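Only one structure is covered here, and it is reproduced in the block below.
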Amino acid sequence: MSILIKREKSRRSVLRGMLDGAAVTVALPLLDCFLDDHGEALADGSPIPTRFGSWYWGMGHTPGHAVKTRTDVGEIEFLEECKALIPYRQHINYFGGFNTPLDGRSNYPHESGWIGSRTGTVPSRSGEVPAPTFDLMIADAIGGGTRFRTIDATSMGNPKETYSARGTFSRADAEASPVALYARIFGPDFADPNKGEFRPDAKTMVRKSVLSSINRESDKLMKSLGQMDQHRLDEYFTSVRQLENQLTLQLTKPPPAESCRVPPAPPNNAIERAAFAVEIDTVQATHRLMTQLIVMALACNQTKVFNLVYSDNFSRVRRAGETYTHHVLTHEEQADPKLGYQPTAFWFNCRSMDACAEFIGAFANVREGAGTLLDNMLIFAGSETSFARIHSVDNIPVMTFGKAGGRIKTGLHVVGNGDPVTRVGFTAMRVMGMPIDEWGQKSLRTTKPIGEILV
Amino acid sequence: MRASLRSLLCAAIAVITLTACGQSDAPKTAGAPPDMRRLTEEQYRNTIADVFGTSIKIGGRIDSLVRTNGLLELGARSAAITPSGLEKFDQLARSIADQVVDPAHRDILIGCAPPIADAFDEYCVRQFFTRVGRMLYRRPLTKDELTARINAASLASKNLADFHQGVALSLAAMLVSPNFLFVIDTTEDDPDHAGQLRLDGYAKAARLSYFLWNSTPDDTLLTAAEKGDLATASGRKREIERMIASPRLEGGVRGFFADALALDAFETLEKDSILFPAFNLAVAQDAREQTLRTISAELIAREGDYRDLFTTRRSYMSAALARVYRVYVPKTANWVPYEFAKNDPRVGIQSQISFTALHSHPGRSSPTLRGKALRELLLCQKVPDPPGDVDFTKFNDPKSEIKTAREKLALHTSQAACAGCHKLTDPLGLGLEQFDGAGQHRTTENDVAIDVTGDLDGVKFKDPATLGAAIRANPAVPTCLVSRLYTYAVGRPAATDEQGLIAYLQKRFSDEGYKYPALLRAIASADAFYAVKPREQTPPQTAQESRP
């Protein structure tokens, strides 16, 4: 890291000065004060955090045309549908042959697959999210110390399209507008960590005190409620505490962040029209904007966990002027006998993987410490089906991106041999530092992390 | 004979006496445990408008609810508030509070000011929070709650050296309080039934106001609660009659039908801009509004027969909608009453754009989605989800000469795995095929004349008008409304012990000419509407929910 070499004074002593006092001005060169001598820790001694994210795409893959099947662990060989991923192969792990056993429950089309892989339990009815998704468990474990415990965004214009939930009735809407996402992250409450001067806002200080006054309303209320409502109220007060934490952080000078560059605000006409949100060009443009904002939210230490949806589980993406959506095509389009697949549905699958490549590239292009932001991330990417035409949930496609701060190896195609897909989520939670020994219900229960990728 | 005549006479006198003093003759039920429901977005907006006036702008949105047993109102009974959900409420709260204290509003909405600018005026703050807090919490603030608001305002005013900023911050905190965001049933011992509970007056007031007005109780209703009037049938009757006669009733009617007809889907409705260039955001917003205006006018202003909603040609038209309907209205007109001609296929709310466009794909119509919506929304019949392993490609022979949706769907009904559901949905939905994916009228599809004949449960129809007549005549239509409205009112599907009550309400609805206000009155007057029983260990939620 060349930026670490030319220094004459102790970074720690400078930073200590910066962090003391409410309003200070520091005229240090920006990139010369962030890291320790090895590029593995921030100058205050704390290690570069490993962050977690999830990326979702609908309709899975075209079997036989996405990734070459393997019988044992080895290199990933991406085929036509995934050719955009080839330049990023060294950042990816591909998990083939992992299943979603239903234990006699119905396969709820486009639901059971994602719910099984993200909650460790398959639903017993349509619309049910029977357990928390594992991204939220990771957020509970690592999400403190940043303004947002998680950030959820979708490129599809519909805020209900999110695959992160604590349960059926506890599911935050995703940000569906880049303009709104920008305002939330980089709006007036954002403090640029690399600005020398910091002056805590008096109004924020007062807001925090005033907000705490509603906590006093909790005891009496709790006593008057039944068990389930008490649980809901408890969740509400957890949200209040999160808001208080957010205000506390806004009153504190943020430590500098090497890679943080406040992005330009998205144009006001950026996909505010839901009526066009699912046309492929719009979806891809929105996805690009959302990705840039999320990358900088991480680089600027605004969050440690995110979920981004490229396309939904009933992929409504379509080409302008055409009557069929991606989803409908997977069911109704005739397979071309020469190609052996449904050509237009395949085209949409290819575009999903193009977007995936752009997404990975956006993280890989941000330098952080001795490597990149992507090196300090673990991103779980999944879909709801392996073959949309018949809603298959076996051999369900899952990938991870990033090295999780050096805790995992990448570039591998791991073979599941029919093991439950929950092994991937279980491994991710362990890698992210959660002290768990098992995860999942019934046949999705697992105690086996995927050792092949662990360092 | 004489004895039975006497007993009949006695029964009649008893009914007359009961009715005269407001006592409902509806069967009594055990009720359900008290609950806690999150305000819906519309309730939130209505409440703010009723407390602070319509000039307070509410930008932004709050987290969606999960549609449960066909209603968002039921999802509100289980909804949690997540951290990002609370952030949204907080943003709204701060924006509302800032407007309340701004120079344009403060004189009216606060109604007092410190004698010395920016000094803290406890008397003024106490007056303000006593009045506003009662409306927001739907009951008077406790002494501790009022003290907390005053202290918060004092602390903020002094630290910011700004009286109005202090009031705003304290008010903003109140607007994110669980006592505001959740409507919480509060109970008291029932003096008439030892060992049993009943809703207290304020909980009854809230239940009534969100059912009839979709908003917070007004001062009169809270005063009635305070005086104990809502504990008596006659007191409740007086308030129910007043509320039904109030202009606010329209808010309640709109709230129920927007929920029951799933009109929230307009927020994310997509239409292809190349295939349907006339369909834009204004059309989508106005289509929703058109249907709600039609319903309100027919059911409240005209006090019409509910079933006539499916045969009426009367509606309202905006300039944006006129382009899609291809009719003329003056460009300057905002909304004008509009009656479709006798030979026009637009008959009933199911032929309006709000229905035909909403239950279609982005680029084409869908007889299956429309038929499913007619069954589920108007007849309360559940259409099963499609099986997970159907291979639809067998229906798409590229060499076939299929031109119309009818021909294509005939293939589905020829397959055993598909036929069960498609036979329920398609014959109905095909009756609306003369409306394309954006709800525009057409007579051909791929140059083939569209056949809109079909049958609804054995009643044949030949066009949208006779389809409307078939819906109107279907006995499931009014019974569906009764059970759905009762479900909406009490926040849960009717329990087994409430089937007698549902039958009673259905009979009254029929006897009273299918008048919607009469049905509201019957439900709001029934003891069952207020009945609560002690909580037991609640089993996990088993309701059918869907996230559209």
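The model shown is predicted, which means the values in this text are computed figures rather than measured ones. All chains are named by letter (A, B, ...) in the order of the sequence lines, taking the proteins before the strands, and each is independently numbered beginning at 1.
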*Worked verdict on B:D436 versus B:R364 for salt bridge (charged side-chain N to carboxylate O under 4.0 Å, His left out)*: CA-CA 6 Å; B:D436 68 16; B:R364 63 192 166 101; over 6 Å; no
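- Side chain of A:Y108 to backbone of A:V122: no donor-acceptor contact under 3.5 angstrom is found.
- In terms of heavy-atom pairs under 4.5 angstrom with chain B, the leader among A:R232, A:R149, A:E175, A:E235 is A:R232.
- Residues satisfying the ring-ring contact (aromatic ring centres under 6.0 Å, His included) test with B:F89, not counting sequence neighbours, are B:Y44.
- A donor-acceptor pair under 3.5 Å is formed between the side chain of B:D272 and the backbone N or O of A:G321.
- With a threshold of 4.5 angstrom between heavy atoms, A:L225 approaches chain B through its backbone and through its side chain.
- Aromatic ring orientation, A:H327 versus A:H391: tilted (interplanar angle from 30° to 60°).
- By the side chain to side chain contact (heavy atoms under 4.5 Å, CB included) test, B:A161 is found to be paired with no residue, residues two or more places apart in sequence or in another chain being considered.
- Looking at every heavy atom in both residues, A:R171 comes nearest to A:T162 through NH2-O, 2.8 Å.
- Judged by distance alone, the side chains of A:D135 and A:T133 do bring a donor and an acceptor atom under 3.5 Å apart.
- The residue among A:S170, A:S209, A:S106, A:A320 with the most heavy atom pairs within less than 4.5 Å of chain B is A:A320.
- No side-chain N or O of A:Q246 forms a donor-acceptor pair with one of A:D189 less than 3.5 Å apart.
- Using a 3.5 Å distance cut-off with no hydrogens or angles, the side chains of A:D336 and A:Y341 do not pair a donor with an acceptor.
- Neither the backbone nor the side chain of A:R166 has a heavy atom closer than 4.5 Å to any heavy atom of chain B.
- For B:F266, no part sits under 4.5 Å from any heavy atom of chain A, backbone or side chain.
- Heavy atoms of A:S212 lying under 4.5 Å from chain B are absent altogether.
- Heavy atoms closer than 4.5 Å to chain A are found nowhere in B:F276, neither backbone nor side chain.
- There is no contact between A:F314 and chain B, counting heavy-atom distances below 4.5 Å.
- Most heavy-atom pairs under 4.5 Å with chain A, from the set B:R77, B:R94, B:R38: that is B:R94.
- Chain A forms more heavy-atom pairs under 4.5 Å with one residue of B:P178, B:S170, B:P362 than with any other, namely B:P178.
- Contacts of B:T186 with chain A are absent, with no heavy-atom separation under 4.5 Å from either backbone or side chain.
- For A:A139 against A:T150, the heavy-atom pair with the smallest separation is CB-CG2, 3.4 Å.
- Residue contact with chain A, scored on non-hydrogen atoms closer than 4.5 Å, involves the backbone of B:A76 exclusively.
- Judged purely by distance below 3.5 Å, without hydrogens or angles, the side chains of A:R147 and A:Q302 pair a donor atom with an acceptor atom.
- Contacts with chain B were tallied for A:M205, A:R184, A:E111, A:E322; A:R184 has the most, counting heavy-atom pairs under 4.5 Å.
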*Candidate pair B:K158 and B:S154, rule side-chain hydrogen bond (donor to acceptor under 3.5 Å, both in side chains), full reasoning*: CA-CA 6 Å; B:K158 285 169 186 164; B:S154 167; 3.2 Å; yes
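- Among B:A152, B:P33, B:S177, the residue with the largest count of heavy-atom pairs under 4.5 Å with chain A is B:S177.
- For chain B, no part of A:T238 is nearby; none of its heavy atoms comes within less than 4.5 Å.
- Ranked by heavy-atom pairs under 4.5 Å with chain A, the first of B:D162, B:V176, B:N159 is B:V176.
- Heavy-atom distances place both the backbone and the side chain of B:L169 under 4.5 Å from chain A.
- If you measure heavy-atom distances from B:P34 to chain A, the contacts under 4.5 Å come from the backbone alone.
- Counting heavy-atom pairs closer than 4.5 Å to chain B, the top residue among A:V328, A:V393, A:L243 is A:L243.
- Chosen from B:H361, B:R149, B:Q91, the residue pairing most often with chain A at heavy-atom distances under 4.5 Å is B:R149.
- At least one donor-acceptor pair under 3.5 Å links the side chain of A:K304 to the backbone N or O of A:G144.
- Proximity to chain A (any heavy atom under 4.5 Å) is restricted, for B:I62, to the backbone atoms N, CA, C and O.
- Between A:H326 and A:H331, the distance from one ring center to the other does not fall under 6.0 angstrom.
- Interface remark: A:D234 contributes no atoms to any contact with chain B (heavy atom separation under 4.5 Å).
- A:L233 touches chain B through backbone and side chain together, each having a heavy atom under 4.5 Å away.
- For the residue pair A:T146 and A:T303, no side-chain donor N or O sits within less than 3.5 Å of a side-chain acceptor on the partner.
- A:R241 does not touch chain B: none of its heavy atoms, backbone or side chain, sits under 4.5 Å away.
- Using a 4.5 Å cut-off between heavy atoms, B:D63 touches chain A through backbone and side chain atoms alike.
- Of the residues considered (B:G60, B:S84, B:A148, B:A284), B:S84 shows the highest number of contacts with chain A, using heavy-atom pairs under 4.5 Å.
- Contacts between A:V240 and chain B at a heavy-atom distance below 4.5 Å involve backbone atoms as well as side-chain atoms.
- Contacts of A:Q242 with chain B are made by side-chain atoms alone, with heavy-atom separations under 4.5 Å and no backbone atom involved.
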